[in-house]
Amino acid sequence: MSLKLYNTLTRQLEPFEPLSPGRVSLYTCGPTVWNYAHIGNFRTFLFEDLLRRWLELSGYAVYHIMNLTDVDDRIIKEAGAKGLSIKEFVAPYIDAFQEDREYLRIAPAHDYPRATHFIPAMVRLVEGLLERGIAYRGDDGSVYFSIDRFPAYGALSQLDRRELRAGASTRVSADEYAKEDARDFALWKAARPEDEAVGAAWDAPFGRGRPGWHLECSAMALDLLKRRFKADVLDIHAGGVDLIFPHHEDEIAQSCAYTGETHFARYWMHGEFLNVRGAKMSKRFGNITTPRDLREDGIDAGAIRLLVFQTHYRQKLDLTDEGLRGAQEASRRLGEFGRRLLDRVSDADSRGFVLAGSRLRDEVREAFDDDLNAPRAIASMFDFMNEANRLLDAGERPGPSAVAEWQTADAALDISTVPRVTEIRPIIRPPIEGEPPMHLPEDPPDDPEALETWALAWATMRANAKAQRDFAAADRIRKMLRGSGYEVRDRRDGIVELVRL
RNA sequence: GGCGCCGUAGCCAAGUGGUAAGGCAGAGGUCUGCAAAACCUCCAUUCGUCGGUUCGAUUCCGACCGGCGCCUCCA
């Protein structure tokens, strides 16, 4: 069994074969940095992260490009309102995106090209299209792509060319009059005073202006691909379902018209939406949740990843508090188990672990190879966990192979929340005659380090109270510690675990 | 109007032409001074509705009901 991926281009599952053996070029549409990206945006980035990780675990050397769109209508408008250049306006959102990305454990792309850094490549592309007679200059000084001169248009979205016109009637753009055909799209937009004011205008042979929405992706992908792979065709291009039309359709049109290739990317993959109460997450609906919000609510990245991956990437996912809570608990259990497994590792796998490990490997591989069926892979991880816990309880020990299989599965998904545990062996001693009683403040200190010391001291106190069978005192201390974010676990071997909640 | 997706237990969610994975929640039990963690057991004769094809359909086909997305700058 080898990797099969669903290709939007053919609407079919296809065996994945990169153009050059062993190497994969992957381009994923990144954020428009006009605001904090929300968890719906990140669902797509998480799906792409899984794709990237699984390709790498399958032995491919992946070259992953994710663009940062740092010039568009919204950015120009917001920057203008704040009296900032687009460059200044965008900077904090780029930082925030990278912070959120790290928080969600999304592997960094190899390149994060910014639209404004690739103006020359875009100009070359537009010039090329003008030379080929596929693009034209409108009366408004903008440059448009003529859909009539690109017969393959519409292949990705399977939209009938004639139908596009009817649909467009509800949203007629202001510069409509300049186009030869309502369906044509802007490659280059003539500079307006508002653009100039925020530094969003560049000189070009065909007139001063700024790039259209789709242009950047084609220009940057082709430019980077040329440098790195000496090629004009991407292996995989991914994004959210809403990008199929017009964004990706237009990327294909301009790229292929420019390169003369049949494909811009051979595999097009699209992740479904994350919804809130059935509606898509969107600024317009005011139902935005960002990773930073979830982080503030104490939700671990592992839980968010688990929640997202428990639904197949081509299925809609509804974000609910209950779902989040459930994922948090499940993620914690996986992390708890991972810790237990590593704690008991030995030189050789017991018979039970050999079997459980090889079953996990087979199931996980089969699941991911089947169009990244993460829900099934996760189910296999839970099956392994349950079996392994049973084996551990029965005294069996895992060896390198079982541990490696577990770690491979977790390396693809990264859905565990490992508990923060401090283990102590408390010093038990009888109270000494005449010794003044230990005085520990009941209020926890604010400083995290002092808090840890404080908690450990109380845990020791509690162990002593227990040793003297003063269970009332012991239970009181445990309750107090819980109130300060520590759970106390008494192990059978006398070690006390303090778990930071 | 065009293109497309979805409807599986309280909640989330896989799945197959041969009789329903997994997670959360819930119930009971083991362990524990009591807990926590872990383990064991239980928890959909049924997969939106109605027809059809078939020896057999949740899985294929049709209709209907319900929810959702895209149709020019939204992941």
Side-chain angles (χ1 to χ4, degrees), chain A residues 11 28-32 37-48 69 72-74 154 157-160 162-173 176 179 182-186 189 212-214 238-247 249-250 270-275 278-284 306-307 310-312 314-318 320 322-334 336-337 340 363 367 373-383 386 389-390 392-394 419 421 466 469 471-472 474-475 478-479 482 487-492 497 499:
Chain A
R11 313 273 157 147
T28 60
C29 282
T32 299
H38 58 65
I39 199 70
N41 302 128
F42 273 101
R43 183 195 182 187
T44 301
F45 304 148
L46 282 165
F47 136 63
E48 293 159 353
T69 299
D72 92 318
D73 290 355
R74 291 168 300 184
S157 47
Q158 296 190 177
L159 286 173
D160 189 307
R162 280 161 314 199
E163 299 300 340
L164 292 178
R165 196 177 309 205
S169 62
T170 53
R171 286 205 227 168
V172 178
S173 63
E176 195 79 70
K179 296 196 247 178
R183 301 162 300 162
D184 291 350
F185 60 91
K189 296 177 166 184
W213 179 30
H214 323 298
V241 277
D242 56 333
L243 297 184
I244 295 173
F245 188 87
H247 188 53
E249 195 69 73
D250 291 352
H270 294 93
E272 251 296 348
F273 274 132
L274 178 146
N275 292 332
K280 70 188 269 189
M281 186 171 285
S282 165
K283 201 85 184 168
R284 272 185 307 164
L306 176 61
L307 183 74
Q310 255 179 332
T311 301
H312 186 88
R314 286 193 283 116
Q315 295 294 334
K316 289 175 194 54
L317 165 63
D318 213 65
T320 62
E322 192 173 2
L324 231 26
R325 273 197 304 275
Q328 180 76 57
E329 171 63 13
S331 174
R332 181 200 62 75
R333 288 223 300 141
L334 290 168
E336 197 95 54
F337 167 69
R340 189 179 188 211
E363 288 178 359
N373 194 326
R376 233 162 67 207
I378 290 170
S380 297
M381 286 181 75
F382 277 103
D383 285 341
N386 290 327
N389 267 324
R390 221 170 291 139
L392 288 169
D393 279 0
V421 180
K466 249 185 71 178
R469 306 195 66 79
F471 296 123
D475 290 350
R478 185 169 58 198
K479 206 168 172 183
R482 182 180 283 277
E487 179 184 285
V488 182
R489 294 181 191 163
D490 298 327
R491 280 190 353 201
R492 301 205 59 179
E497 295 181 346
V499 185

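Because only heavy atoms are used, hydrogens play no part in the values below, and waters and symmetry mates are left out as well, while side chains stay in. Chain A is the first sequence line, chain B the second, and so forth, proteins listed ahead of strands; every chain is numbered from 1. Keep in mind that what you see is a predicted model, and the values were worked out from it rather than measured.
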>> If the cut-off is 4.0 Å, is K280(A) near the phosphate of C70(B), judged by side-chain N/O to OP1 or OP2?
In response: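 Answer yes for this pair, as a side-chain N or O of K280(A) is under 4.0 Å from OP1 or OP2.
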> OP1 or OP2 of G22(B) sitting under 4.0 Å from any side-chain N/O of R376(A)?
Replying inline: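 No, because none of the side-chain N or O atoms of R376(A) sits under 4.0 Å from OP1 or OP2 of G22(B).
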Looking at every strand, decide which applies to [X] at a 4.0 Å heavy-atom threshold: base, sugar-phosphate, or nothing.
X	value
R478(A)	base
I244(A)	nothing
L274(A)	base
H38(A)	base
G239(A)	sugar-phosphate
R340(A)	sugar-phosphate
V499(A)	nothing
N389(A)	sugar-phosphate
M381(A)	nothing
F471(A)	base

Distance between the [atom1] atoms of [N] and [M], in whole angstroms?
N	M	atom1	result
A57(B)	U19(B)	C1'	10 Å
C55(B)	A63(B)	P	24 Å
U54(B)	G62(B)	C1'	16 Å

Does any nucleotide pair with [N] by Watson-Crick or G-U wobble geometry, both distances under 3.5 Å, and what is it?
N	answer
U19(B)	none
A38(B)	U30(B)
U58(B)	none
G7(B)	C65(B)
C43(B)	none

Can you tell me how far [atom2] of [N] sits from [atom1] of [X], to the nearest Å?
X	N	atom1	atom2	result
E272(A)	C6(B)	CD	C1'	9 Å
R491(A)	C39(B)	CZ	C1'	17 Å
R314(A)	A14(B)	CZ	P	11 Å
L317(A)	G69(B)	CG	P	15 Å

State which of [options] makes the closest approach to the side chain of [X].
X	options	value
N386(A)	C39(B), C5(B), A21(B)	C39(B)
N373(A)	G10(B), G15(B), C39(B)	G15(B)
Q315(A)	G67(B), A14(B), C71(B)	A14(B)
D393(A)	A38(B), G33(B), A36(B)	A38(B)

> More than 12 heavy atoms of other residues, nucleotides or ligands under 6.0 Å from CZ of R11(A): is that the case?
Replying inline: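 Above 12, so yes.
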> Is there a side-chain contact between K316(A) and E272(A), using heavy atoms and a 4.5 Å cut-off?
Replying inline: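 Yes - at least one pair of side-chain heavy atoms lies under 4.5 Å apart.
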